Amino acid sequence: MARKTIVIALLLLCPTVTPAAAIERIYCATSDSVIDMSLESGFSSKDQEKLVHFRGMAGVKDKATPSGFRRFQIRSDMLRQYWIDERDLRFSIHAFAPEREPLYRVSVAMITDRGSTTAKRFTGRYDLKVVKLKMGSAVGGEQILSHEGDIFCDIKR
């Protein structure tokens, strides 16, 4: 009987341990007068900060935008930077059109955060830029479109 009492007492004294809920996927989207965009990203189950895929679709609606960006697929190789921690989520992508001999670059940078570490939604802003590249360069050029808007990202488990 004493053994049973000790076991019960120890169980009551020990704090309840629940496994941490890891982020498995993040889905981000925005739609306004200039862009429609959705992104999905999966994270490693071993390293929550390591991406295992990054993909999506986007379409820039502005008439100044080249036809290659009216609707395009977002792939992992377009991801230039990303950051995720307890409260912040950030992505930066670059896409080129045409892909083989780029004349234009679209870049989208987004910064989001969430109110608490348990919230399932990040909200924030994105910054879109479309640049006509200088001949033979992937960096400099003439900016033909700049737009900022709201974006949200949801955690999917």
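FYI, the numbering just counts along the sequence from 1. This structure is a prediction, so every number in the text was calculated from the model and none was measured.
- In terms of modelled atom types and a separation under 3.5 Å, the side chain of Arg70 and the main chain of Thr65 share a donor-acceptor contact.
- Using a 4.0 Å cut-off between charged side-chain N and carboxylate O, Glu99 and Arg75 make a salt bridge.
- Under a 3.5 Å cut-off, the side chain of Ser31 and the backbone N or O of Asp36 do not form any donor-acceptor pair.
- Using a 4.5 Å cut-off between side-chain heavy atoms of Ile, Leu, Val, Met, Phe, Trp and Tyr, with links allowed through other members, Ile93 and Ile144 fall into the same hydrophobic cluster.
- Residues Arg105 and Leu133 approach most closely at NH1-CD2, 3.8 Å, considering heavy atoms.
- In this model, a donor atom of one side chain and an acceptor atom of the other lie less than 3.5 Å apart for Asp32 and His147.
- Side chain of Arg90 to main chain of Met110: no donor-acceptor pair is present (N/O by atom type, distance under 3.5 Å, no hydrogens or angles).
- A salt bridge does not link Asp127 with Arg125: every distance from a Lys NZ or Arg NE/NH1/NH2 to an Asp or Glu carboxylate oxygen is 4.0 Å or more.
- The hydrophobic clustering, which links ILVMFWY residues whose side-chain heavy atoms are closer than 4.5 Å, places Phe54 and Tyr82 together.
- Looking at every heavy atom in both residues, Phe122 comes nearest to Arg87 through CE2-O, 3.5 Å.
- For the atom pair CD1 (Ile26) and SG (Cys153), the distance works out to 6.5 Å, reported to the nearest 0.5 Å.
- Formation of a donor-acceptor pair under 3.5 Å by the Thr112 side chain with backbone atoms of Asp88 is not found in this model.
- What you find for His94 and Ser107 is that their closest heavy atoms are CD2-CB, 3.3 Å.
- In summary, Arg121 and Asp154 engage in a salt bridge, as defined by a charged side-chain N under 4.0 Å from a carboxylate O.
- Side chain of Arg55 to main chain of Leu39: no donor-acceptor pair is present (N/O by atom type, distance under 3.5 Å, no hydrogens or angles).
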